[in-house]
*Asks:* 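Sending over a structure as structure tokens; questions will come in a sec.
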Number of protein chains: 2
Amino acid sequence: MPRQVDHQARRRQIADALLRIVDREGLEGVSLRHVAAEAGVSMGSVQHYFATKDQMMIFALIHVHERIYQRVNACLDPRSPRDLVRSAIIEMLPLDDERRTEARIALAFLARSAVDPEYAATLREGYPYHAVFFAEQIRRAQQNGEAPADLVPEQEAVILFAITQGLVNPTLIGHHTEETVIDALDRHLDRVFPSE
Amino acid sequence: MPRQVDHQARRRQIADALLRIVDREGLEGVSLRHVAAEAGVSMGSVQHYFATKDQMMIFALIHVHERIYQRVNACLDPRSPRDLVRSAIIEMLPLDDERRTEARIALAFLARSAVDPEYAATLREGYPYHAVFFAEQIRRAQQNGEAPADLVPEQEAVILFAITQGLVNPTLIGHHTEETVIDALDRHLDRVFPSE
DNA sequence: AAGATTACAATGCACCTGCATCGTAAAAGC
DNA sequence: GCTTTTACGATGCAGGTGCATTGTAATCTT
């Protein structure tokens with residue numbers, strides 16, 4: 001059995017187990033023993049692939065971000081800048097079990113970032129991408145006449161991203177229905193990308 | 001010393017110590033011993049005022065929400081609906097140490113709410129207030145001709161609240177400067193409450 | 001074939017956790 | 001004045017924690 005295993009794949013598999021625990025119990029539920037049990041391996045094995053618990057957590061954080069990134073990318077609707085933005089935002093909202101899971105996980109790590117600079121640094125790396133993506137779509141729409149020329153793309157991107165993030169948590173806690181949140185989103189998109 | 005203490009005041013004092021720990025280390029840093037040490041009392045004393053750790057945490061959650069509520073209320077600018085909304089939102093953004101502290105604390109409890117129904121229920125109680133407040137101000141502005149009549153106040157309130165929440169976390173992690181976030185906010189307020 | 005390396009497993013250890021128990025001293029009630 | 005109640009302090013306990021250590025068997029290297 002030894003020597004022939006795919007190191008990275010094994011690390012991802014352990015990270016997936018870790019993320020399942022975070023989904024159910026939050027970061028506090030994560031312990032070497034629980035992760036090992038959830039992954040169906042021994043504790044020694046977990047220790048073999050991750051020198052410390054913190055390294056494992058950071059790896060899992062990066063891993064889940066990649067997962068979200070790929071899922072969002074696969075769901076993009078390229079018909080227009082507005083559709084691109086809308087599909088990206090909706091794909092980040094917790095409107096089904098998979099997205100609720102990921103939202104819960106992301107929220108848990110976000111809270112940790114508020115008190116741990118290493119987590120915060122990891123989060124900050126992936127951040128500019130969203131703002132740039134939104135700003136780019138707005139600029140494209142402006143060139144096509146699909147968005148008002150007086151909008152400042154970067155400012156609107158900040159607002160769009162804030163709305164996205166700001167809709168996630170209340171929806172997760174159960175404040176909003178799917179209809180409420182999508183209506184509100186479309187309402188705002190009407191302003192940035194007017195239909196007529 | 002016994003028998004003559006103000007029970008509620010003592011509980012708040014212990015809760016304040018707890019919240020200081022949450023600010024520095026997150027919810028994971030909270031233990032009976034740490035809270036006792038931070039409050040300058042014995043562990044037995046903490047146990048005397050709170051039967052379980054969970055009760056203490058929930059009490060602290062309610063306590064910090066009251067604190068935020070009162071601070072925001074004290075800072076409201078009543079000159080116009082727009083000023084009211086703007087001052088309320090700005091007071092909730094982490095733009096100085098006090099507000100950063102409260103934002104960190106609120107975020108920590110929010111993350112817990114995602115995996116613990118009791119916390120979620122507590123959060124949900126305080127929630128409708130914001131939406132109603134925002135919607136009310138928009139309706140008032142519409143009556144004064146300070147806001148477009150075709151806005152649906154409840155929808156705009158959802159968006160406003162999402163923007164508020166959505167601006168908090170990126171700012172906390174260090175993605176936005178104070179200027180960026182206030183510019184973006186004013187940009188959006190221009191749409192809901194046009195100046196001319 | 002031999003030895004080094006890798007993958008995993010089991011266990012021990014010091015430390016921390018929430019909570020229960022027990023003790024004590026001061027005030028309140030009678 | 002005596003008992004009860006309240007406020008607090010100290011300590012014990014079972015269980016969980018991350019991590020280090022040790023062992024072992026399978027594979028790769030030579």
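Chain A is the first sequence line, chain B the second, and so forth, proteins listed ahead of strands; every chain is numbered from 1.
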*Asks:* For the residue pair B:H48 and B:H7, categorise the inter-ring angle as parallel (less than 30°), tilted (30 to 60°) or perpendicular (more than 60°).
*Replies:* perpendicular

*Asks:* Taking atom C1' of C:dT17 as reference, at what distance in whole Å does atom CD of B:E25 sit?
*Replies:* 15 Å

*Asks:* Roughly how many Å is it from CD in A:Q8 to P in C:dT6, rounded to a whole number?
*Replies:* 16 Å

*Asks:* Regarding A:R20 and A:D23, does a basic nitrogen lie under 4.0 Å from an acidic carboxylate oxygen?
*Replies:* no

*Asks:* Can you name the one residue among B:I105, B:L18, B:V22 that meets side-chain contact (heavy atoms from CB on, under 4.5 Å) with B:L27?
*Replies:* B:V22

*Asks:* Find the distance B:L27:CG to C:dT17:C1' and express it as a whole number of Å.
*Replies:* 16 Å

*Asks:* OP1 or OP2 of D:dA7 sitting under 4.0 Å from any side-chain N/O of B:H48?
*Replies:* yes

*Asks:* If only side-chain N and O atoms of A:S42 are considered, is one of them under 4.0 Å from the OP1 or OP2 phosphate oxygen of C:dC8?
*Replies:* no

*Asks:* Please report the distance, rounded to the nearest Å, between CD in B:E28 and P in C:dT17.
*Replies:* 12 Å

*Asks:* Inspect the surroundings of CD in B:Q8 and state if more than 12 heavy atoms from other residues, nucleotides or ligands are less than 6.0 Å away.
*Replies:* yes

*Asks:* Looking at D:dT17, C:dC19, C:dT11, which one has an atom nearest to any side-chain atom of B:T52?
*Replies:* C:dC19

*Asks:* Can you check the B:Y49 OH to D:dG9 C1' distance for me, whole Å?
*Replies:* 13 Å

*Asks:* Indicate whether OP1 or OP2 belonging to C:dA7 is found under 4.0 Å from a side-chain N or O atom of A:S45.
*Replies:* no

*Asks:* What is the distance, to the nearest angstrom, from the CG atom on B:L32 to the C1' atom on D:dG16?
*Replies:* 15 Å

*Asks:* Using whole Å, report how far CD of B:Q47 lies from P of C:dT17.
*Replies:* 13 Å

*Asks:* Report the distance from atom CE of B:M56 to atom P of C:dC19, rounded to the nearest whole Å.
*Replies:* 9 Å

*Asks:* With heavy atoms under 4.0 Å as the rule, sort B:V30 into base, sugar-phosphate or nothing.
*Replies:* sugar-phosphate

*Asks:* Given that B:M43 and A:S31 both sit by DNA chain D, which one's nearest nucleotide is further toward the 5' end?
*Replies:* B:M43

*Asks:* For D:dG16, does the base pair up with any side-chain atom of A:R33 as donor and acceptor (N or O, under 3.5 Å, distance only)?
*Replies:* no

*Asks:* Does B:R112 come within less than 4.0 Å of B:E28, counting only side-chain N to carboxylate O?
*Replies:* no

